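This report refers to the structure that appears directly beneath it.
Here the structure is a predicted model, which means the values were calculated and not measured. For ligands, and for the atoms within them, numbers begin at 1 and follow the listed sequence. One-based numbering along the sequence shown.
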Amino acid sequence: MFSAPFAATFDWSSGVLRGDTVHRSSKTLGQMRGLFRHGATSALPDDTLLYSVQWVAPGTPQAAGALLFGCTHLEPGRVGDEYFMTHGHFHALSSRAEFYLPVSGSGVLLLMTRGGETWAEEMLPGKVLHIDGAHAHRAVNTGAEPLVFWACWPADAGYDYATIAERGFGLRVVEHKGRTVLADQQQ
Ligand code: F6R
Ligand code: MN
C-alpha cells in the first residue's frame, strides 16, 4: 500500500532518528573550550560530551530546494556559570531559513544579526522556532535533562562557524544565584 523511497523513522519520545542513511556527529568540550567564557580554566575534561547531532540528507542533497532533517541532543551542564550550548553558526547563504522544534528538555535559543544584535527565545516542547536565514543561532540547555530538538533546513544553506568562533554571541546564558539569566558577552 505504501512505498518507502526514503527509509527513516523519528521517535518523538526519545528524539532518535533511525534509518540506513542517518549521519551522526558530536562535539566535546575540547573542541569548544574557547567559546565558553571560563572554558580555558574549567576542570571538566576535554572529552566531556556537549552534544550530538543525527541528520538525514534524502534524495539528491545538491539539488535546488533539497531539505535536510536532523535532531540535536544537547547535554545538561555548565562550564563555570555558563550552560552547555551548541557552537552556533550563521548560514553561509543568508536566504536559507530553518525550523527548530524542541522535542524534550528546556532551554534558550540565542539569535544574532550580522551587526551583533542578540536576543533569546524560549525552547520548550511544543514551540515552533523559525530562524531567519540571516540570523546566527545557538541552542543553550538551561535544564537538568538533555535538550532535544528537531531541525529542518535547506541542504544548500551552508555553515559559517568562523564568525561565531571569532566574535561569539552578544549574550551569554548563565546561572546566577540559582537563576538563569542573560549576561552581556564580557560579563
Ligand atoms: C543546521 C542546524 C542544526 C545544528 C546543530 C548543531 O543548520 O542549525 O542542525 O547544526 O544543532 O549546532 P552547530 O551546528 O552550531 O554545532
Ligand atoms: Mn542552522
To the Mn ion (ligand 2), the closest N, O or S atom belonging to His89 is NE2
Looking only at non-hydrogen atoms, the one of Tyr51, Tyr100, Trp153, Tyr159 nearest atom 4 (C) of ligand 1 is Tyr100
Q: Look at ligand 1 and say whether His91 reaches it with a heavy atom at a distance under 4.0 Å.
A: yes
protein heavy-atom neighbour closest to atom 10 (O) of ligand 1 works out as His89 CE1, 3.6 Å
- Honestly curious: do Val103 and Met85 fall in one hydrophobic cluster under the side-chain, below-4.5 Å linking rule? no
the protein heavy atom lying closest to atom 5 (C) of ligand 1 turns out to be Thr72 OG1, 3.4 Å
Rounding to 0.5 Å, atoms OG1 (Thr21) and CH2 (Trp55) come to a distance of 11.5 Å
For atom 1 (C) of ligand 1, the closest protein heavy atom turns out to be Glu98 OE2, 3.1 Å
the protein heavy atom lying closest to atom 14 (O) of ligand 1 turns out to be Tyr161 OH, 2.5 Å
Q: Assess whether side-chain hydrogen bond (donor to acceptor under 3.5 Å, both in side chains) is satisfied between His91 and His137, documenting all intermediate values.
A: CA-CA 9 Å; His91 287 169; His137 37 291; 3.3 Å; yes
Shortest non-hydrogen pair, Val56 vs Ala8, comes out as CG1-CB, 4.4 Å
Open item on the list: So for ligand 1, is Phe149 a polar contact partner (N or O within less than 3.5 Å, distance only)?
Closed with: no
Here the atoms of ligand 1 under 4.0 Å from any heavy atom belonging to His137 are 8 (O)
The single option from Tyr159, Tyr161, Phe36 that satisfies ring-ring contact (aromatic ring centres under 6.0 Å, His included) with His87 is Tyr161
Output for pair (Arg78 CZ, His38 NE2), nearest 0.5 Å, gives 11.5 Å
Of all protein heavy atoms, the one nearest atom 15 (O) of ligand 1 is Gly88 N, 2.8 Å
**Asked** Would you call the rings of Phe10 and Phe69 parallel, tilted or perpendicular, where under 30° means parallel and over 60° means perpendicular?
**Response** perpendicular
For this session: Could you walk me through whether Tyr51 and Ser26 pass side-chain hydrogen bond (donor to acceptor under 3.5 Å, both in side chains), step by step?
Result: CA-CA 6 Å; Tyr51 58 98; Ser26 58; over 6 Å; no
Numbered in order shown, the ligand 1 atoms found under 4.0 Å of a heavy atom of Val53 are 5 (C), 6 (C)
Residue, atom and distance of the protein heavy atom nearest atom 12 (O) of ligand 1 read Thr86 CB, 3.6 Å
Of all the N, O or S atoms in Glu98, the one nearest to the Mn ion (ligand 2) is OE1
Set out, in order, the CA-CA distance, both residues' side-chain angles and the distance that settles side-chain hydrogen bond (donor to acceptor under 3.5 Å, both in side chains) for Glu166 and Thr163, then state yes or no. CA-CA 5 Å; Glu166 285 162 20; Thr163 303; 5.5 Å; no
